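Contents: one structure, followed by commentary.
Note that the coordinates shown come from a computational prediction; the quantities given were computed from them, not determined experimentally.
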Amino acid sequence: MEMNAKYDHQKVEEGKYDDWKEKGYFECGKNQGKPFTIVIPPPNVTGKLHLGHAWDVTIQDIMIRYKRMQGFDALWVPGMDHAGIATQAKVDKKLKEQGIEPREMDREEWLKVAWDWKKEYAKTIHDQWGKLGLSLDYRKERFTLDEGLSLAVRKVFVDLYQEGLIYRGERMINWDPVAKTALSNEEVIYKDVEGYFYHIKYPIVGTKEYLDVATTRPETMFGDNAVAVNPDDERYQKYVGQKVLLPLVNREIPIIFDSHADPSKGTGCVKITVNHDPNDYEVGKRHDLKGITVIGLDGKMNENALHYQGMDRLECREALVKELQEKGYLLGKEKIVHSVGHSERTDTPVEPYVSKQWFVKMRPLALRVLENQKKKETKVHFLPSRFEKIMNHWMEITYDWCISRQLWWGHQIPAWYKDDQVYVGMEAPKEEGWVQDPDVLDTWFSSALWPFSTLGWPNETDDFKRYYPTNVLVTGYDIIPFWVNRMTFQGLHFTGQRPFEYCYIHGLIRDKLGRKMSKSLGNGVDPMDVIHDYGADSLRYYLATSTAPGTDLRFEEEKVRSSWNFINKIWNASRFVLLNQKEVKSLIQYRDSDKWILTRYEKTVKDVTKYMDKYEFQNVGSILYKFIWEDFCDQYIEMAKFSLEESGTQNTLKKVLIGILKMLHPFMPFVTDEIYQKFATKENIMISDYPKYEKEFVFLEEEEEINDVISFVKLFRMTKAEHQIGKEYAVVLQNEKDYSFLMQMLKWEGHLADHGSTDTCYKVMSKNYSILLYDEKESTEEDELKKQKEIETLKASILKRENLLANENFCKRAPEKLVKEEQEKLCFEKKRLSELTDF
RNA sequence: GGGCGUUUAGCUCAGUUGGUUAGAGCAUCUGCCUUACAAGCAGAGGGUCUGCGGUUCGAGUCCGUAAACGCCCACCA
């Protein structure tokens, strides 16, 4: 078995994924242990996976691989989301580029194109999953639009309808004029935009007076129903029962009194446009005003907008303001920054619009979640826990969820109409004449069922019974409202259980400067490029170990490179062990150095397991990094070079290395598998057993002894470096200890000196060892200064420690162990000080 | 307006239930091609842990308060 001196990630990763997959290692049901389930957050079939996805799935793969090695029956369910608006927009764009007007197509024809699109992108995503090394059970793969999931969607819709939790009604909703569909509140992103506050003159009928009405959206004035003032606003009491004349339109509208008008804002007069503003809509209901629609579904002004008919609403605003100014109706304008709702998908300003849509009645569903979150045994536990507040708050303030979308790509609503009748059911009514609602459901309606619909629900399948509820859901904090919340209430309502026990939340990936990665900024990083340059293992290790849960991650290539270096280190350590493998027949006899690394290895296993169980991968990363690089490579391999012929060392090298590989495997599956197989093991590491803590390999005394040797060696090197002592020096050993191993470690090339030497002398000492180091060079002023400095530092430290130990409260209340350590340290420092001052 | 987060070395970040001299990677400086690894090895320098106050024998860690930056929710005629 050959190993190159340098780690070649491309060579290592090539072909491995297909091999594992073919061997069926990703499949659940092979381990006898308890089930451990994760469902993947289904990526949209709109494009390639970005770094955020790579991060999300890496975390999950680490969890799954870890649990699988521990003997759990691990199941990771793959799947993808049809992503209604997003996909439809992309498919339409593509068609338009080909000169085809998508909405003029036959719906069935269009759907064929969309399914082709889905197939194409699903393939890309599968390739990317493979490159990342994800151990997904592909037999269980689902798509939100496939048959089983569609059944679940219909069942949920029908049940909620029958329970009165889904209804159809005319309401004010958010309208996306580009996608031409209704949106839910969550799909509206508020952005601060510069705009104007226009003051318009509304003459009072029959007088020469007028009201100064301020608005940011003058174009809606064609639909004004009234002007409202606050009932307590004394300025306007005299206008009870009067009317104003709507400029240009010349329609008389009443002055009404409503608490919605805030006297402290502007002039205290507010125009009421029932059909184009959510608040006005409420006012309209109170005062029985009939709305007038002036903006069409396409965002263009309609026939009620006089000569502006056909003009886009935003263009109309400009032109109208100009006309008002020319005709003397514009009293002024102020520049303001206000927040305007934009469509999450098309980024166009949304229009509040009154229309007939389907809604989910949220209150009862949300209350159930809030109730459940009070129970420790059945609640969803967030990691980190603070994210629970986001969900709870959403549940408290939530209002009805608009679920119908005027799209083609999605689950068509299982409602049929005939004249005035409505039928909601799993299948179309048998009789003639029923027409199905052309609308589809919000994408998130099907995503909300994902943890159980993927396992076969509503059928009582074996998978559902065994693997539900799932153990962990891993996702970013940005989709808690969209998804986590909705899965939680649907899960509770339909399965009576939380859909997942834990919800592990990670942050967003940002660029090096802390900006969100976006197409418009062009600062996106393709995970596939990173994999090409550094390998999936480096990327995975970097992503998983670079931040604490819940916090954002700034992508830095240097850190990926540093992960690569770490793997290269592991590669070479393995190479050393492999090259020095020897047949040893004698009984296993451990040296102190072997016992030292074994002890530290057991401690590492213990700590790593503890943090793996808590999903604190950053801690796992730093523990393993330190143990492997410092303890195993820098110290133990160097020590092992003195006893390579011995059975104990041979055994230890292999045992510890294999253990290291296993603990690293969830993070870096490819390279660990590659190395593992070089040790003549036929099995793949991913189905091997995870290391367990073994008390019989803990040797505390020997560990302490070697620790002392190591600290002595460090001090010795430091002294040599500080005083620039070359290879020519002499030593005197100051006690009866066996110095042979220490001298090996020091790579000693000096000679033993006479006690009476007059050369410059330095003393190096640790707990057990003490050496006088003679340098032929004369001591310089600099040396003397350094010595003085050390004396000063020691004196300060001794004083501090004496004070501490003189403090009764400290001795009484601090742990005994700490006090003892302080005493020992004081003792050592005093000894050292006396040695120094003696010279 | 309500809530949350962040603030630690030049940069990016760790730091568990309070307990040695606050850590890592990258960067910097010095010396080494020592036969696993120069993408490496052996060392070094660099921090009043955002400010102020408090609790405590002891605070980066707990409490209060202020500031800067960021995020979420709500409102914005």
Query raised in the report: Base, sugar-phosphate, or nothing: which does A/I390 touch, judged by heavy atoms less than 4.0 Å apart?
Result: nothing
Query raised in the report: Which heavy-atom pair separates A/M221 from A/L246 by the least distance, and what is that distance?
Result: O-CD2, 3.2 Å
**Report entry** Whole-Å P distance, B/A24 and B/G15
**Finding:** 15 Å
Report summary line: Reading nucleotides 33-40 of chain B from 5' to 3' and marking B where a protein heavy atom lies under 4.0 Å of the base, S where only the sugar-phosphate is that close, and - otherwise, the string is ---BB-BS
Query - Parallel, tilted or perpendicular: rings of A/F617 and A/F667 (30°, 60°) - result: perpendicular
Query raised in the report: Among B/U21, B/A14, B/G19, which nucleotide sits nearest the side chain of A/Q618?
Result: B/A14
Query raised in the report: Please give, in whole Å, the distance from B/C75 P to A/H260 NE2?
Result: 12 Å
Query raised in the report: A/H276 versus A/F222: any side-chain heavy-atom pair under 4.5 Å?
Result: no
Report summary line: Here the distance between atom P of B/C71 and atom NE2 of A/H393, to the nearest Å, is 18 Å
**Report entry** Heavy-atom protein contacts under 4.0 Å, nucleotides 54-64 of chain B, coded B base, S sugar-phosphate only, - none
**Finding:** --SB-------
Report task. Mind checking A/S622 for me? I need base, sugar-phosphate or nothing, with any heavy atom below 4.0 Å counting as a touch. Result -> nothing
Requested in this report: Please determine if a side-chain N or O atom of A/T551 lies less than 4.0 Å away from the OP1 or OP2 oxygen of B/A14.
Outcome: yes
Query raised in the report: Can you tell me how far C1' of B/C72 sits from CZ of A/F382, to the nearest Å?
Result: 14 Å
Query - Whole-Å C1' distance, B/C13 and B/U17 - result: 23 Å
Query raised in the report: Paired with B/A68 by Watson-Crick or G-U wobble geometry, both distances under 3.5 Å: which nucleotide is it?
Result: B/U6
Report summary line: Between A/K265 and A/P481, whichever has its closest RNA chain B nucleotide further toward 5' is A/P481
Requested in this report: Check whether any side-chain N or O of A/Q10 sits under 3.5 Å from a backbone N or O of A/H532 as a donor-acceptor pair, and report yes or no.
Outcome: yes
**Report entry** Whole-Å gap separating P (B/C26) and CZ (A/F555)
**Finding:** 16 Å
Query raised in the report: Starting at the 5' end of RNA chain B and moving along, which residue's nearest nucleotide shows up first, A/K614 or A/D262?
Result: A/K614
Query raised in the report: Does B/G60 pair with anything, Watson-Crick or G-U wobble, both distances under 3.5 Å, and if so, with which nucleotide?
Result: none
Report task. Could you tell me whether A/R486 and A/E186 make a salt bridge, using a distance below 4.0 angstrom between a side-chain N and a carboxylate O? Result -> yes
Query raised in the report: Expressed in whole Å, how much space separates the C1' atoms belonging to B/G40 and B/G47?
Result: 28 Å
Query raised in the report: With respect to the phosphate group of B/G31, does any side-chain polar atom (N or O) of A/K720 fall under 4.0 Å of OP1 or OP2?
Result: no
**Report entry** A/F257 atom CZ, neighbour heavy-atom count above 12 within 6.0 Å
**Finding:** yes
**Report entry** Distance between C1' atoms of B/G18 and B/C62 (Å, rounded)
**Finding:** 7 Å
**Report entry** Nearest listed nucleotide, side chain of A/R717, among B/U12, B/A42, B/A14
**Finding:** B/A42
Requested in this report: Check the side chains of A/H506 and A/W55 for a donor-acceptor pair under 3.5 angstrom, ignoring hydrogens and angles.
Outcome: no
Report task. Would you kindly say whether A/K271 and A/T220 are connected by a side-chain donor-acceptor distance under 3.5 Å? Result -> yes
Query - Length of the line joining A/R554:CZ and B/G25:P, which is rounded to integer Å - result: 20 Å
**Report entry** A/R515 CZ - B/U12 P separation (whole Å)
**Finding:** 14 Å
Report task. Check every atom of B/G25, B/A44, B/C4 against the side chain of A/Y625 and return the nucleotide holding the closest atom. Result -> B/G25
Report summary line: Separation of B/C41 atom P from A/Q635 atom CD, nearest Å, is 12 Å
Requested in this report: Write down the distance between CZ (A/F617) and C1' (B/A24), rounded to a whole number of angstrom.
Outcome: 20 Å
Query - Chi angles and distances behind the salt bridge (charged side-chain N to carboxylate O under 4.0 Å, His left out) call for A/E282, A/K285 - result: CA-CA 5 Å; A/E282 295 303 314; A/K285 276 203 251 175; 3.8 Å; yes
Requested in this report: Would you mind telling me which of A/Y625, A/Y7, A/F627, A/W571 makes a ring pair (Phe, Tyr, Trp, His ring centres under 6.0 Å) with A/F566?
Outcome: A/Y625
Query raised in the report: Which whole number of Å gives the distance between the C1' atom of B/G19 and that of B/G58?
Result: 7 Å
Report task. Using the C1' atom on both, measure B/A27 against B/A9 and round to a whole Å. Result -> 11 Å
Requested in this report: Can you tell me, in whole Å, how much space there is between the C1' of B/A39 and that of B/C33?
Outcome: 14 Å
Requested in this report: Check for a donor-acceptor pair, side chain of A/D631 on one end and backbone N or O of A/K626 on the other, with a separation under 3.5 Å.
Outcome: no
